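The structure under discussion appears below in the form of structure tokens.
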Amino acid sequence: MRTNTKRVAAGLAAALTTTLAVTLPGSPAQAGEPFKNPDVGLVFYSSNPLEVVGRQAAPDDLCRPIPAKATWTIDWNNAFPNGVVGYTNADCSGEPRFYIDTFHSWPENYLLSYKSL
């Protein structure tokens, strides 16, 4: 009976290992944040569509740097109803280039800062 219990335990361990290997794919070495679906707030993505490089949960009217490697963003669940504008300079001065709270993309390092309205 003891041998039978060991076989069952070994079989369960093998099944669990196989299940985890299938459901938890290996993640490549990325500096990005975890991908969430659905997400919340303003989320910045790199050119790799599933790599999150920054998040902001709520508007605060501060000038913030665009996260490194960010090339597009989405305002999930309309957390920024008054909009978010992107600037080509680091201090949010001058005219904003365009709204970045809706689905919009730009070349890497083109926008340097952003501000919620």
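This is a predicted model, so every value here is computed, not measured.
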Checklist entry - What's in the same ILVMFWY side-chain cluster as L112, cut-off under 4.5 Å, chained through other members? => result none

Next on the checklist: Please check: side-chain N/O of T71 versus main-chain N/O of P107, any donor-acceptor pairing under 3.5 Å?
Outcome noted: no

Item to check | Donor-acceptor contact below 3.5 Å, side chain S113 vs main chain N89 | outcome: yes

Next on the checklist: Measuring from atom CZ of F80 to atom CG of L42, what distance do you get when rounded to the nearest 0.5 angstrom?
Outcome noted: 5.0 Å

Next on the checklist: Restricting to ring-ring contact (aromatic ring centres under 6.0 Å, His included), what partner residues turn up for F98, sequence neighbours left out?
Outcome noted: H104

Next on the checklist: Test of understanding: clusters of I, L, V, M, F, W, Y form through side-chain heavy atoms closer than 4.5 Å, transitively. Do Y87 and V53 belong to the same one?
Outcome noted: no

Checklist outcome for this item: Contacts of D60 meeting salt bridge (charged side-chain N to carboxylate O under 4.0 Å, His left out) (sequence neighbours excluded), chain-then-number -> R64

Next on the checklist: Could you tell me if the side chain of R55 sits less than 4.5 Å from the side chain of D39, heavy atoms only?
Outcome noted: yes

Checklist outcome for this item: So CG of D101 and CD of Q56: to nearest 0.5 Å the spacing works out to 11.5 Å

Item to check | Approximate separation, where rounding is to 0.5 Å, of W106 CH2 and T73 OG1 | outcome: 5.5 Å

Next on the checklist: If we count only N and O atoms by modelled type, under 3.5 Å, do the side chains of S46 and N48 hold a donor and an acceptor together?
Outcome noted: no

Item to check | Distance in Å, R97 CZ paired with Y110 OH, rounded so as to fall on 0.5 Å steps | outcome: 3.0 Å

Next on the checklist: Nearest 0.5 angstrom please: E108 CD to W72 CH2, how far?
Outcome noted: 14.5 Å

Item to check | Ring geometry between F44 and Y114 (parallel below 30°, tilted from 30 to 60°, perpendicular above 60°) | outcome: tilted

Checklist entry - In terms of hydrophobic clusters joined by side-chain contacts under 4.5 Å, are V85 and I74 together? => result no

